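One structure below.
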Amino acid sequence: MAASCPIGVFDSGYGGLTVFRSIAEALPQYDYLYLGDNARAPYGNRSFDTVHQYTLECVEWFFRMGCQLVVVACNTASAKALRTIQQNDLPRIAPQNRVLGVIRPTAEVIGNYTKTRSVGVLGTKGTVNSNSYQIEINKFFPDVKVHQLACPMWVPLVEYGEYRSPGADYFVQKYLDELLAYAPDIDTILLACTHYPLLMEKIKKHLPDHITVVPQGGLVAASLTDYLQRHTEIESLLTRKSEKRFFTTDDTADFDNHATNFFGAMVRSSHLHL
Ligand code: DGL
């Protein structure tokens with residue numbers, strides 16, 4: 001067994017840090033490795049095969065680093081790669097390890113937020129086209145109408161640090177208006193992309209007050225807490241020195257500059273060449 005067994009947290013870029021932040025707040029005792037595949041981000045418009053290949057490469061790296069539990073904190077990768085990894089790759093490469101995603105923990109509870117039974121789901125093209133949210137939410141809440149919309153400009157705005165700029169308002173308003181024009185009864189909007197919480201201020205600004213905007217971090221952290229209580233065979237392997245290490249496949253100075261905003265604390269990353 002490896003000397004250190006951190007929890008791996010993965011995203012195509014910075015977005016997963018919004019989820020990692022909530023996980024680390026809820027479960028501060030464990031060790032963590034975060035990997036942002038910034039060099040190949042965004043994943044949102046890429047094909048199923050490409051997202052699977054990239055995500056699997058990153059998951060295999062986490063395993064080599066001693067992680068036995070990896071959280072894919074990216075909706076695009078959860079939608080397009082997770083099932084194949086869980087069903088086809090894990091039994092072959094590491095049957096004892098676990099890889100979890102962000103879609104199921106969100107779908108399990110989102111129906112509790114809506115009174116009108118009408119939920120808007122905003123995500124990348126990849127997440128929306130996979131239809132994963134529609135399918136998963138209706139498993140738990142068959143009466144909830146799910147209205148999905150891809151917001152392809154939002155990840156680039158966030159990745160390039162433009163999420164507070166006046167230009168961002170245009171694209172935030174554009175997609176929200178589009179969503180509400182075709183489903184005016186929506187009272188809950190799920191941010192089904194881990195990058196979108198950075199746009200929260202602007203999203204709220206362009207929405208009427210009665211609409212609740214739900215980011216995923218807290219939902220995923222609560223679900224992981226519950227998972228670890230139920231899976232003591234995994235939980236007992238995790239090391240507990242409260243260490244957090246950050247890796248990026250792109251420039252570290254750039255990563256550290258942006259990452260601090262997403263994570264809410266100073267980040268110092270190392271470069272990873274995959
Ligand atoms: N953060 C990812 C998600 O949750 C999307 C970013 C990307 O397109 O790479 O979907």
Side-chain angles (χ1 to χ4, degrees), residues 8-23 34-59 70-83 85 99-107 110 120-134 136-137 148-163 168 171 175 189-200 203 213-221 223-224 246-250 254-255 258-259 261-263 274:
V9 183
F10 168 69
D11 183 46
S12 58
Y14 304 112
L17 289 164
T18 62
V19 174
F20 181 24
R21 178 179 185 163
S22 300
I23 292 177
Y34 181 88
L35 171 59
D37 190 9
N38 299 76
R40 302 187 291 192
Y43 282 10
N45 294 328
R46 296 190 190 276
S47 71
F48 269 85
D49 281 352
T50 305
V51 174
H52 170 246
Q53 181 206 323
Y54 289 176
T55 307
L56 181 60
E57 281 170 18
C58 294
V59 165
V70 175
V71 178
V72 174
C74 173
N75 288 275
T76 309
S78 294
K80 293 182 127 177
L82 187 65
R83 187 182 293 239
I85 290 177
V99 182
L100 308 175
V102 288
I103 295 178
R104 199 186 160 103
T106 307
I110 195 68
V121 174
L122 302 177
T124 64
K125 209 172 115 199
T127 299
V128 166
N129 289 350
S130 76
N131 221 18
S132 305
Y133 272 100
Q134 168 98 54
E136 289 296 319
I137 292 173
Q148 305 184 82
L149 184 73
C151 308
M153 287 304 292
W154 285 10
V155 168
L157 284 173
V158 172
E159 283 286 313
Y160 290 105
E162 294 290 340
Y163 52 91
F171 285 106
Y175 296 134
I189 291 183
L190 169 66
L191 304 186
C193 172
T194 56
H195 283 63
Y196 296 175
L198 271 283
L199 289 163
M200 185 61 112
I203 292 171
V213 184
V214 184
Q216 292 177 295
L219 310 182
V220 175
S223 169
L224 182 63
F246 299 84
F247 291 83
T248 174
T249 54
D250 209 348
D254 224 41
F255 184 87
H258 287 96
N261 293 328
F262 287 75
F263 193 61
L274 277 172

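Counting convention: from 1, in listed order, for ligands and their atoms alike. In this chain, residues are counted from 1 in sequence order. We use all heavy atoms of the structure for the numbers below, so side chains are in, but hydrogens, waters and symmetry mates are not. What you see is a predicted model; the values in this text were computed from it and never measured.
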- Message: Contact between Ile85 and Val72 at the side-chain level, heavy atoms closer than 4.5 Å - yes or no?
- Response: no
- Message: Looking at Arg40, I'd like to know if its CZ atom is crowded, meaning that more than 12 non-hydrogen atoms belonging to other residues, nucleotides or ligands lie closer than 6.0 Å.
- Response: yes
- Message: With heavy-atom distances below 4.0 Å as the criterion, list the atoms of ligand 1 near Ser12.
- Response: 6 (C), 7 (C), 9 (O)
- Item | Sub-4.0 Å heavy-atom approach of Cys74 to ligand 1 | yes
- In terms of residue, atom name and distance, what is the protein heavy atom nearest to atom 8 (O) of ligand 1? Gly44 N, 2.8 Å
- Query: Which protein heavy atom lies closest to atom 3 (C) of ligand 1, and at what distance to 0.1 Å?
  - Reply: Asn75 N, 3.2 Å
- Message: Could you tell me, atom by atom, which parts of ligand 1 come under 4.0 Å of a heavy atom of Thr194?
- Response: 1 (N), 2 (C), 3 (C), 4 (O)
- Task: Note the single closest protein heavy atom to atom 10 (O) of ligand 1, along with its residue, its atom name and the distance in Å.
- Result: Thr76 OG1, 2.8 Å
- Heavy-atom contact under 4.0 Å between Ala41 and ligand 1? no
- Task: Verify side-chain contact (heavy atoms from CB on, under 4.5 Å) between Tyr196 and Asn75, making sure each step is shown before the conclusion.
- Result: CA-CA 11 Å; Tyr196 296 175; Asn75 288 275; over 6 Å; no
- Query: Of Thr55, Val102, Val99, Val71, which meets side-chain contact (heavy atoms from CB on, under 4.5 Å) against Ser78?
  - Reply: Val102
- Query: Rounded to the nearest 0.5 Å, how far does CD1 of Ile103 lie from OG1 of Thr76?
  - Reply: 8.5 Å
- Query: Of all the atoms in ligand 1, which lie at a distance below 4.0 Å from a heavy atom belonging to Thr124?
  - Reply: 5 (C), 8 (O), 10 (O)
- side-chain contact (heavy atoms from CB on, under 4.5 Å) assessment of Val121 paired with Val128: CA-CA 8 Å; Val121 174; Val128 166; 5.7 Å; no
- Task: Specify the closest pair of heavy atoms between Ala79 and Thr127, including all atoms of both residues, with the distance to one decimal.
- Result: CB-CA, 4.2 Å
- Proximal ligand 1 atoms for Asp11, defined as those under 4.0 Å from one of its heavy atoms: 1 (N), 2 (C)
- Quick one: do Tyr175 and Leu122 satisfy side-chain contact (heavy atoms from CB on, under 4.5 Å)? Show the steps, please. CA-CA 9 Å; Tyr175 296 134; Leu122 302 177; 5.5 Å; no
- Task: Look only at interatomic distance and state if Ala73 has a nitrogen or oxygen under 3.5 Å from any nitrogen or oxygen of ligand 1.
- Result: no
- Message: Can you tell me which portion of Val102 lies within the under-4.0 Å heavy-atom range of ligand 1? Options are side chain, backbone, both, or neither.
- Response: neither
- Query: Is there any N or O on His195 that sits under 3.5 Å from an N or O of ligand 1?
  - Reply: yes
